[in-house]
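Chain letters run A, B, ... following the sequence lines, proteins first and then strands; every chain starts at 1.
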Amino acid sequence: MASMAGTSEIYRNVLGSDLSQCVENAKVLMVGAGGIGCELLKNLVLTGFKDIEVIDLDTIDVSNLNRQFLFQKRHVGKSKAEVSRESALRFNPDANIKARHDNIMSPEYGVDFFKQFNVVMNALDNRAARNHVNRMCLAADVPLVESGTAGYLGQATVIKKGVTECYECQPKPTQKTFPGCTIRNTPSEAIHCIVWAKHLFNQLFGEADADEEVSPDTEDPEAVGAAGEKAVQNQEKEDAIGGIERASTRTWAEDIGYDPVKLFNKLFNEDIKYLLSMDKLWRKRKPPVPLDWETIKKACNNEEKEADNGLQDQRVWSPEECSDIFSQSIDTLKQQLLARGEDLVWDKDDTASMDFVTSAANIRAHIFSIAMKSRFDVKAMAGNIIPAIATTNAIISGVIVMQALNILNGNLDKCKTIYLNRKPNPRKRLLVPCGLVPPNPKCYVCAAKPEVTVFLNTETLTVKTLEEKILKERFGMVAPDVEIEDGKGSILISSEEGETEQNLPKTLSEFHVGNSARLKADDFLQNYQLVLNIKHRDNLEDDVEFEVEGDVPAPRPLSPEPGPSTEPEERENQAAAGDNDEVMIVDEPAPSRKRKADESQQEAEEQQDMETAKRARVSDATADEDDDDIIAL
Amino acid sequence: MVENPSVTDERNGSAITEDEAALYDRQIRLWGLDAQKRLRASCVLLVGIKGLGAEICKNLVLSGVKSVTIVDPNPVNEQDFVSQFLVQRQDIGKNIHINDICHDNGVKFFAADVFGFYGYMFADLGEHKFVEEEPKIIEASDNESSRSDGEPKAKYRKVDVNETTIVQKFAEFYRLKAALACKLDNRTEKILKRLPSVYFMIKVILRFQSQYGRLPQTTMNTGERDNLLTLRDEVMKELNLDVTLLPDEFASHCTAEVSPICAIVGGIVGQEVVKAVSGKDAPLNNFFFYNGLEGHGTVECFN
């Protein structure tokens, strides 16, 4: 970009000789070479950084090219880390850039790896990796610049062990999930139908999860009681006559050879009729209208197709079109399943997968009198796409370098959390600096001896769920070891392969882990120990498997608060109902407990700044990323 | 935008192709298809292509505008048909003249520059029409749940985050001449203290340019710093304002184009140009100032 001639001299002049020396000698790590990363790498080489490592496990996709300017069409499919290095070297061939096409969470990158760097800069798009790098930087005591963008909004902050809040000091809103009976029995919004359709995909073609049932839920608390009897009778009748085995949708689908008409009639006719028989559900709701293949074909045959005004994806398909596409996509997916010989994984960028979810969700929406959506909109909700633009990333990447300069200059006190707002706040600030906040003494990560309280049912929760969903997913561990504090030091989970696999299917109570038990979890790579205080609960709200004390619930999907604007990213974020590993989330480095707006003026004014900053953060509460971030619903 | 004939589409129809939809997917999801259509019909003239100019150019090309014409400061053809005008650096004095031509001809005008740790953007979009998406206020529908409990309907008025309406809006902009000649000494001390000091710094640098025929060059040279501070005192005195509204520290940090500052200001300018040509969302009116020492970016209207 800018001519590099005389750059050193210019920077000596403008940064001062001490700082420019620091920059020249600094060794920095950039985690992520996507939206923020491309901009950041350019800034780093143009600012005179000479020793840079870039790590990213991802490859280039065409939808990256509207902002990740180090990549071109010919690079699609190649490593982001490697291509970004090649492109950035053209701006400054003197820089020493090392590219790693790899996962930063791999055990190869231990504490010693992180210790080499003067500063680490995150340019990530998911919470799991952010948590991990946070812990590695705490363990290595290396300053970390954390950042995130979503549409027009962005932020960057600094994390330093013992001085500032860490990335995990404040609880982040958990992913929005929906109660099983809303999904299975009583959908009232498009998102419920989309979640159902994704579950259906997994039931039919993917890895089935017991939490992802799609058939009517007879145990719906709303439906039980006398009124449910009719349904139970019907079920007996149906099971006897129709021979439909509710336990395994997959087996049944295989038995009928994935016949689209049979699938259609089962899902959109029989199951709906069954739901209607649970009459308690429909006293205050509009009852669904069952469809069947024959009538939809006949009824819609003479319906005129809407004039094509451009993009297929932007148009809402008619129920007839949906049924055609439903049928075609099932055929394609069946072939894919055969060809692959293993479970399919839902991917928003796979045409048939996306067609299937769009058509199935829309047919269900139609049945329940919910407005149908275009494929474009369904894709945003099902794929949890966070809109992303070059300008926001450019601004935030500039802010990241300013933070890094302050760190290298020894001016940690001048570092701030900087928020980019969509509109100027009442103080007319578009970029709002807020003072850094000291660590939360109760943080379950950076406190001296972190402990948390977890509510769960020790009689039913398995060791596997403890490992996968609690320790890995919720507490961000990579390879935990767990010891029971029972005076004997019994090992519940070992990170060594083959040592404790036999424990996984067993429940906690089988190991005498009951109410008030204490479990010591340890992740060697992260150099992180956490004590879990177990509190037994027979039942938890909304059918969740566990609850962590102090967790913040997800924001309500329909907020009565009239915000100044409704941004697409906000809408899409509310759709985030996922629970899987590619989740991308928020990153607010820190909520506003005592956040000081960084102005030495009247408190009331400060309050305004804080409010606005807070709002910005709340608005991107479930997603704050830049990339193609996917949340499986 | 009616006043911009380049919007009458020269490509075959206004349809965005499937390829473009894939390429621009992540931004179409942000500003919508109509804004993207207007972007692809817009032509931008960019004057000056150093650090900041390169950033702006990159951002505009990525956004999908039809063309960016880059010229060096000297051969500016005032007759060039453009929908955008961006000027930076040495042209700071000429800006007023170019801005006048743009203003009279309904051409959107921006000026922007970076001085060390500071930067600014000025916009004159003339009489600017734009649309904004606002949340839809929905009345409770006549569904059974609201009827059954007999609550008054008004209680159910709420904002549906899933629905928005498009609202037509209008903003009036001012010429750079007026923005720079703005009288401030009649304002209260409280208001003055809140004004971004970078505004005054720009005036000092303008003065420096006309006096020395160049931009201030090196911060290590105390002579240069003293010259800047002398000019600061002069400028503030003429404005009849306290010199502390522009603290001394600016004089040590206002030379050269610092890359991250270019990225920040270039990002703001890029986004404002996108808003201006797409007619979507409220533009910043009329100055944006970035202060890299404090980390804040402020919008202020001077006229």
Quick one: does R29(B)'s side chain get under 4.5 Å of K379(A)'s, heavy atoms only?
-> yes
Pick from P196(B), S63(B), A263(B), C57(B): which one has the most heavy-atom pairs with chain A under 4.5 Å?
-> A263(B)
In this structure, CD of E55(B) is separated from CG of N43(A) (nearest 0.5 Å) by 6.0 Å
Any side-chain heavy-atom pair of N66(A) and D25(B) under 4.5 Å | no
Testing V45(A), L44(A), T47(A) for side chain to side chain contact (heavy atoms under 4.5 Å, CB included) with S259(B), which one passes?
-> T47(A)
Let me know if L33(B) has heavy atoms under 4.5 Å from chain A in its side chain, its backbone, both or neither.
-> side chain
Gap between atom CZ of R429(A) and atom OG1 of T298(B) - 0.5 Å precision = 3.5 Å
Flag side-chain contact, heavy atom, 4.5 Å: N59(B) against F69(A) | no
Side chain proximity check, R427(A) to R194(B), heavy atoms < 4.5 angstrom | yes
Can you tell which part of F289(B) gets under 4.5 Å to a heavy atom of chain A, answering side chain, backbone, both or neither?
-> neither
Report yes or no: does K414(A) contribute a side-chain atom to a donor-acceptor pair with the main-chain N or O of E294(B) at less than 3.5 Å?
-> no
The reported gap from CZ in R67(A) to CZ in R26(B) (rounded to nearest 0.5 angstrom) is 6.5 Å
Contacting region of N291(B) [heavy-atom separation from chain A under 4.5 Å] = neither
Side chains of L65(A) and Y24(B) in contact at under 4.5 Å (non-hydrogen atoms) = no
Would you check if Q271(B) and I389(A) make a side-chain contact, meaning some heavy-atom pair closer than 4.5 Å?
-> yes
If you round to the nearest 0.5 Å, how far is CD of Q27(B) from OG1 of T391(A)?
-> 9.0 Å
Using a cut-off of under 4.5 Å for heavy-atom pairs, which of I261(B), V61(B), D281(B) has the most such pairs with chain A?
-> D281(B)
Roughly how far, to the nearest 0.5 Å, is the SG atom of C38(A) from the CG atom of L62(B)?
-> 9.5 Å
Distance, nearest 0.5 Å, that separates CG of L430(A) from CG of L284(B) | 5.5 Å
Would you say the side chain of I28(B) lies within less than 4.5 Å of the side chain of Q314(A), judging by non-hydrogen atoms?
-> yes
